[in-house]
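Read the structure below first, then the notes.
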Amino acid sequence: MGDIRQSLLPRDVLSAAKELLYHLDIYISNLVQSGRQPPQVDTKTLELVEEFILHAPKDRNALTRRMSALQELQLLEIMCSCFQEQSRDNVRQLMFSALFSLQGNQADDSRMALLGKLVSMAVAVSRVPILECAANWLQRTHCVYCVRLAQVLVDDYCSMMPGSVPTLQNIHSASPRFCCQFITAVTTLYDLTSEELTPPLELLQMIVSWIQEDPRLVLVTFLNTPLSGSPPSTSLDVTPLGGLVRWCVKAPLVYKRDKKQMLPHSSSGSEQEVAALFSALHLSVLQVFMLLPNILNEKGIFGRLALLQVESLASLTSDLSRLLDQADKHTHTPAAADVHVHPQLALDRLAQALQVAMANGALLCSREDLRAICSRLPHNNLLQLVLSGPVMYYNNIHTPPMAFSPHASHSPIASHPIHPAHAPHTPLASHPSSHPQYPAQPFMTGMPFPFRPSH
């Protein structure tokens with residue numbers, strides 16, 4: 001690729017970019033075919049990408065080359081065709097990395113701008129190879145940039161052109177991997193800390209419909225990720241479960257803060273419609289937790305890998321405590337007459353999520369740690385049951401865990417009697433944990449499940 005620069009300089013910007021993409025495809029194909037492990041694009045090639053595709057000047061005195069809007073659209077179409085026609089996935093992935101892996105320099109802003117436009121176009125014309133490459137990019141890139149890409153798609157398909165929402169919805173079937181990563185990114189972006197960070201109604205409806213149709217969708221990244229150590233703390237979570245739990249728990253308080261408009265980004269949506277959506281989402285999340293025992297057992301990691309992080313839970317309870325304090329103060333003002341907050345519903349949802357997550361191996365946390373995390377929260381009957389409920393210990397950590405049935409009324413591995421002091425007062429079902437530090441948590445099948453679909 002060393003002699004190519006001189007041949008590209010006399011060309012117009014679009015022709016030079018097209019020619020470089022052609023040579024980049026050949027160069028990476030040869031690199032992969034050579035068998036070098038790992039195949040790595042050299043620095044000079046990356047510099048050519050920055051100069052002729054991203055148009056970052058090679059030096060301060062160089063003239064900056066710019067594309068017109070039409071030329072940029074043509075370049076995006078060329079890139080779509082390039083990735084579509086390349087049949088080898090490893091070549092596509094390495095080429096995508098050469099174009100869009102962040103280098104920590106001034107060209108990164110141009111990378112992100114071009115990436116957002118390319119992925120948005122790939123959604124519009126259903127270019128699955130690009131969506132698959134973008135899914136990998138989301139998995140290995142700092143979450144700050146991941147949410148920037150998610151924001152572009154939300155703006156393009158939910159805000160600027162709301163009628164195009166069905167186009168975005170199609171990524172569910174086109175690329176489940178990208179769809180899963182997109183859900184994780186938007187639940188990271190919209191943390192419900194302000195009106196601007198509250199998901200638009202169209203986005204909420206879309207995510208609820210996706211998960212209702214296929215609860216395993218939120219586990220796609222986890223199911224396709226090799227279990228080789230913990231991912232970097234700066235990456236997106238391996239599943240969107242933590243973000244979805246945060247949405248469901250905080251929604252009864254957050255969506256009542258402003259009497260004017262329930263959903264600031266949408267033109268429609270009554271309080272009842274929003275409440276029903278979050279109730280449906282909450283139920284779907286609990287159903288996803290119920291899928292986990294068999295999946296974790298098959299991978300041999302039940303009790304050793306938490307999909308719901310304790311740190312995320314601690315942040316949620318801190319936010320919830322603050323929101324509950326604000327709600328309590330607000331209810332004592334004259335302006336609160338028409339505003340109905342639901343603190344008990346928020347606490348009920350938290351308790352349900354904790355209990356079902358622990359019972360199904362998604363949350364690895366002792367009762368003592370859990371009580372400390374929830375210590376600032378006001379009293380709630382269901383939460384109190386979860387925090388003080390009995391623990392059924394599994395006495396043989398070397399025996400593989402058995403499948404968990406949420407409808408069982410007894411422990412399938414009760415190999416020794418439970419001490420009277422710890423005997424459950426309600427019918428319990430539990431399944432064993434292979435990790436001695438995290439004993440199995442009982443699922444209280446005999447306890448009424450206060451799921452409230454509309455209030």
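Remember, it's a predicted structure, so these values are computed and weren't measured experimentally.
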Got Leu370 and Met358 here, is their nearest side-chain heavy-atom distance under 4.5 Å?
-> yes
Evaluate the side-chain proximity of Phe96 to Leu118: yes if any heavy-atom separation is below 4.5 Å, no if none is.
-> yes
Short question: side chain of Ser312, backbone of Gln309 - any donor-acceptor pair under 3.5 Å?
-> no
Here the gap from Asn170 atom CG to Ser126 atom OG, rounded to the nearest 0.5 Å, amounts to 7.0 Å
Could you grab the distance from atom CG of Leu46 to atom CD of Gln40, nearest 0.5 Å is fine?
-> 8.5 Å
Between the main-chain N or O of Gln384 and the side-chain N or O of Ser388, is there a donor-acceptor pair closer than 3.5 Å?
-> yes
Is there a donor-acceptor pair closer than 3.5 Å between any side-chain N or O of Asp369 and the backbone N or O of Cys365?
-> no
Between Leu149 and Met112, what is the shortest heavy-atom contact and its length?
-> N-CE, 4.3 Å
Pro240 backbone acceptor or donor facing Asp237 side chain under 3.5 Å | no
Glu273 side chain to Gln205 side chain, donor-acceptor N/O pair below 3.5 angstrom | yes
Rounded to the nearest 0.5 Å, what separation is found between the CG atom of Leu244 and the CD1 atom of Ile211?
-> 4.5 Å
Residue Arg216 excluded, over 12 heavy atoms near CZ under 6.0 Å | no
Using the side-chain contact (heavy atoms from CB on, under 4.5 Å) rule, take His379 and Leu347 through it: C-alpha gap first, then chi angles, then the decisive distance, then the call.
-> CA-CA 9 Å; His379 178 81; Leu347 292 167; over 6 Å; no
Please assess Thr317 against Arg376 for the test side chain to side chain donor-acceptor pair (under 3.5 Å), listing each intermediate value before the final yes or no.
-> CA-CA 8 Å; Thr317 56; Arg376 295 176 55 192; over 6 Å; no
Evaluation steps, side-chain contact (heavy atoms from CB on, under 4.5 Å), between Val152 and Val119 | CA-CA 9 Å; Val152 168; Val119 174; over 6 Å; no
What are the two closest non-hydrogen atoms of Leu296 and Asn360, and how far apart are they?
-> CD1-O, 3.9 Å
Derivation and outcome, salt bridge (charged side-chain N to carboxylate O under 4.0 Å, His left out), residues Lys250 and Asp319 | CA-CA 8 Å; Lys250 294 173 71 172; Asp319 288 348; 3.3 Å; yes
Hey, does Tyr190 have a side-chain heavy atom less than 4.5 Å from the side chain of Glu196?
-> no
Hey, does Leu54 have a side-chain heavy atom less than 4.5 Å from the side chain of Leu99?
-> no
Is the backbone of Ala275 close enough, under 3.5 Å, to the side chain of Ser279 for a donor and an acceptor to pair up by distance?
-> yes
Flag the pair Ser209 / His172 as yes when at least one side-chain heavy-atom distance between them is below 4.5 Å, and no otherwise.
-> no
Do side-chain atoms of Thr188 reach the backbone of Thr184 as a donor and acceptor pair under 3.5 angstrom?
-> yes
From Leu201 CG over to Cys158 SG, what is the distance, rounded to the nearest 0.5 angstrom?
-> 10.0 Å
For residues Phe100 and Leu114, determine if any side-chain heavy atom of one lies less than 4.5 Å from a side-chain heavy atom of the other.
-> yes
Looking only at heavy atoms, which two atoms of Val208 and Leu277 are closest? And how far apart?
-> CG2-O, 3.7 Å
Are the side chain of Thr198 and the backbone N or O of Ser194 linked by a donor-acceptor pair below 3.5 Å?
-> yes
Is the CD atom of Gln103 crowded by more than 12 outside heavy atoms at less than 6.0 Å?
-> yes
Residue pairs meeting side chain to side chain donor-acceptor pair (under 3.5 Å), one or both in residues 128-143, sequence neighbours left out, come to Gln93-Asn136, Ser101-Arg140, Glu132-Ser175, Glu132-Arg177, Asn136-Arg177, Gln139-Thr225
Is there a donor-acceptor pair under 3.5 Å between the side chain of Tyr157 and the backbone N or O of Ala124?
-> yes
Apply side chain to side chain donor-acceptor pair (under 3.5 Å) to His282 and Gln352, showing your working.
-> CA-CA 9 Å; His282 177 58; Gln352 291 165 2; 2.6 Å; yes
Donor-acceptor side-chain pairing of Arg246 and Thr187 below 3.5 angstrom = no
Residue pair Leu131 / Ala122: nearest heavy atoms and the distance that separates them = CD2-CB, 4.1 Å
Looking only at heavy atoms, the pair that brings Leu153 and Leu168 closest together is O-CD2, 4.4 Å
State whether Asp108 and Arg111 are salt-bridged, where the test is any N-O pair (Lys NZ or Arg NE/NH1/NH2 against Asp/Glu carboxylate O) under 4.0 Å.
-> yes
Ring-face cation contact, Phe222 with Lys299, 6.0 Å cut, 45° max = yes
Here the pair of heavy atoms bringing Leu217 nearest to Pro176 is CD1-O, 3.7 Å
Apply side-chain contact (heavy atoms from CB on, under 4.5 Å) to Cys82 and Asp25, showing your working.
-> CA-CA 8 Å; Cys82 180; Asp25 190 301; 3.8 Å; yes
Residue pairs involving residues 113-123 (criterion salt bridge (Lys or Arg N to Asp or Glu O under 4.0 Å); sequence neighbours excluded) | Glu72-Lys117
Would you find more than 12 non-hydrogen atoms of other residues, nucleotides or ligands less than 6.0 Å from Gln287 atom CD?
-> yes
When you measure from the side chain of Trp247 to the backbone N and O of Leu192, does any donor-acceptor pair fall under 3.5 Å?
-> no
From Leu323 CG over to Leu253 CG, what is the distance, rounded to the nearest 0.5 angstrom?
-> 5.5 Å
Evaluation steps, side-chain contact (heavy atoms from CB on, under 4.5 Å), between Leu383 and Leu354 | CA-CA 9 Å; Leu383 184 59; Leu354 292 177; 3.9 Å; yes
Say whether, by atom type as modelled, one donor and one acceptor occur between the side chain of Asn90 and the main chain of Val32 under 3.5 angstrom.
-> no
Hey, could you give me the CE/CG distance between Met121 and Asp156, rounded to the nearest 0.5 Å?
-> 11.0 Å
